[in-house]
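Each residue takes its place number in the sequence, starting with 1. Each ligand, and each atom within it, is numbered from 1 in the order the structure gives. Owing to the predicted nature of the structure, the values given are computational and were not obtained by experimental measurement.
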Amino acid sequence: MRTLKLNGHVGFDTLPDQLVNRAIGQGFVFNILCVGETGIGKSTLMETLFNRHFDFTKSPHDLSEVNLVSKTYDLAEANVRLKLSITETAGFGDQINKEASAKVVLEYIEEQFEKYLQEELKMYRTMDKFHDTRIHVCLYFIPPTGHGLKALDAVTMKKLDSRVNIIPVIAKSDTITKTELQVFKARLLQDIKANDIKIYQFPENDDNSAQANKACNALLPFAIVGSSDEEIRVNGKPTRVRQYPWGTVQVENESHSDFCKLREMLLRVNMEDLRERTHTMNYENYRKMRLTQMGFRDDENFSLKETYERRRELQKKELQQIEEDMRLMFITRVKEKEQALKQAEKELQDKYEKLKNKHMASKRSLEERRRILESDIEVFRKRQLTAEQGKAVKGKKK
Ligand code: GTP
Ligand code: MG
């Protein structure tokens, strides 16, 4: 019997390596949404997190409604490519209507889901080339007031919590004292619970990261400090700081802020979990809702063709209803117009009659005056004649 020798390693234990290689080849996408009041430190935190300048312009305080500004950057670290999208709210918190501000943000998140869904539903999909802009994480910037959660923040977080992974952060936490911060964090957690807001919890089911994630869950909401311009050397190491007349806050010093924890959790440990949760939970829920709206349902009694036919029938009926409504509306409008025209005609006729009567009355009065004048003239003429005759008789007598 001839024995064949293996030329190399054979087996499926290289599958993970193949996956890693393919993923590295394709690159990664990560989309961050920063929600917070104007000037609360959103851009600064992003620049501190990624240690580079992004070209975000400062927002004015007089915008009539909230806008969302989005920028995409191609980053690379070692041989890993990352397409990073940062979206910031502009003008958030400057309007009186809280619901409207929250609605704009929610609509933006759903718009990104809708784009992805439309691509998925295409006959010829190009998912590998498609720029997935679904928001993977929402950093929610809470102002360091030391009081509880503001109504605007509670309303917005509640509205967004089923659509996006929310990580609340206390912005500019260098402006609040250590003891105040502890009390503030507890108050915020209390308010978050009372409003039934679901914030993102770092997963505790993976042995490798469970401990770190558990510790970080206990630290939420992270108290952060950002600094994009100031850097000094501490023990020979360049360190990002905020310098004050009374001292220096080191951004990466864990006794000064939770910035390092946020960076570790967001970029090093849980980026993939955030991406996965977005796809398998947040997007999935949105997709289910939209497909139900479109008339699809997982029912063995209905084939796709039947579903399509039913949907078409439904749409036809809806269109007929719209047509009928429009027809009725048209008839009502025409009737209203007719009524208005008749009314105008009547008013015109009344006006004409009034003018006519007025004119007749003034004509009558003029004729009366003319008659009086003519009789006056007659009397005058008679008198004149009598006077002239009198003068002539007197002349003859002389
Ligand atoms: P808009 O995009 O205009 O709404 O502002 P923003 O939220 O992006 O704030 P930005 O990062 O432009 O920062 C506004 C100001 O806050 C700047 O002067 C920052 O230096 C300052 N700032 C940012 N982060 C911190 C912080 O952690 N602590 C303190 N004290 N100031 C900060
Ligand atoms: Mg900004």
Pair E284, R287 - check salt bridge (Lys or Arg N to Asp or Glu O under 4.0 Å), show working.
CA-CA 5 Å; E284 198 61 22; R287 182 179 159 275; 3.2 Å; yes
Min heavy-atom dist F259 to ligand 1 below 4.0 Å
no
Among all residues two or more places apart in sequence or in another chain, which pass the side-chain contact (heavy atoms from CB on, under 4.5 Å) test with Q315?
R311, E318
Heavy atom of the protein closest to atom 16 (O) of ligand 1 (residue, atom name, distance):
K172 NZ, 3.1 Å
For K42, is at least one N or O under 3.5 Å away from an N or O on ligand 1?
yes
Identify, by atom number and element, the atoms of ligand 1 in contact range of G226, meaning under 4.0 Å from any of its heavy atoms.
24 (N), 25 (C), 26 (C), 27 (O)
Lys/Arg N to Asp/Glu carboxylate O, R369 vs D376, below 4.0 Å:
no
Atoms in ligand 1 with a heavy atom of K58 nearer than 4.0 Å
3 (O), 12 (O)
Do the charged groups of R81 and D74 touch, with an N to O distance under 4.0 Å?
no
Answer yes or no: does an N/O atom from E88 fall short of 3.5 Å to an N/O atom of ligand 1?
yes
I'd like to check which ligand 1 atoms, numbered from 1 as shown, lie under 4.0 Å from a non-hydrogen atom of T44.
10 (P), 11 (O), 13 (O), 19 (C), 23 (C), 24 (N)
Give me the residue, atom name and distance of the protein heavy atom closest to atom 28 (N) of ligand 1.
D174 OD1, 2.8 Å
For F56 and S43 the tightest heavy-atom approach is CB-OG, 3.6 Å
Before giving the answer on salt bridge (Lys or Arg N to Asp or Glu O under 4.0 Å), spell out for E110 and R163 the whole-Å C-alpha distance, their side-chain angles and the decisive distance to 0.1 Å.
CA-CA 8 Å; E110 292 190 340; R163 291 278 181 255; 2.7 Å; yes
Looking only at protein heavy atoms, identify the closest one to atom 29 (C) of ligand 1 and say how far it is in Å.
R242 NE, 3.3 Å
Would you mind running through ligand 1 and noting each atom that sits below 4.0 Å from a heavy atom of T38?
4 (O)
Of all the atoms in ligand 1, which lie at a distance below 4.0 Å from a heavy atom belonging to S59?
1 (P), 2 (O), 3 (O), 4 (O)
Angle between ring planes, F130 versus Y116, binned at 30° and 60°: parallel, tilted or perpendicular?
perpendicular
For atom 9 (O) of ligand 1, the protein heavy atom that lies nearest, with its residue and separation:
G41 N, 3.0 Å
Please confirm whether G39 approaches ligand 1 to less than 4.0 Å, judged on its heavy atoms.
yes
For F92 and S101 the tightest heavy-atom approach is CE1-CB, 4.0 Å
Just to be sure I read this right, does ligand 1 sit under 4.0 Å from the backbone of V225, its side chain, both, or neither, counting only heavy atoms?
both
Let me confirm one number: the CG-CG distance from N282 to L274, rounded to the nearest 0.5 Å.
10.0 Å
How about the Mg ion (ligand 2), which protein N, O or S atoms come within less than 2.8 Å?
S43 OG, E88 OE1
Verify the ring-centre separation between F202 and Y200: is it less than 6.0 angstrom?
yes
Determine whether any protein heavy atom is located less than 4.0 Å from atom 18 (O) of ligand 1.
no
Shortest non-hydrogen contact between K42 and C34, atoms and distance
CD-O, 3.8 Å
Which residue is it: E367, E368, E374? I am looking for the one with a side chain to side chain donor-acceptor pair (under 3.5 Å) to R371.
E368
Set out, in order, the CA-CA distance, both residues' side-chain angles and the distance that settles salt bridge (Lys or Arg N to Asp or Glu O under 4.0 Å) for E119 and K122, then state yes or no.
CA-CA 5 Å; E119 185 63 30; K122 275 185 190 166; 2.9 Å; yes
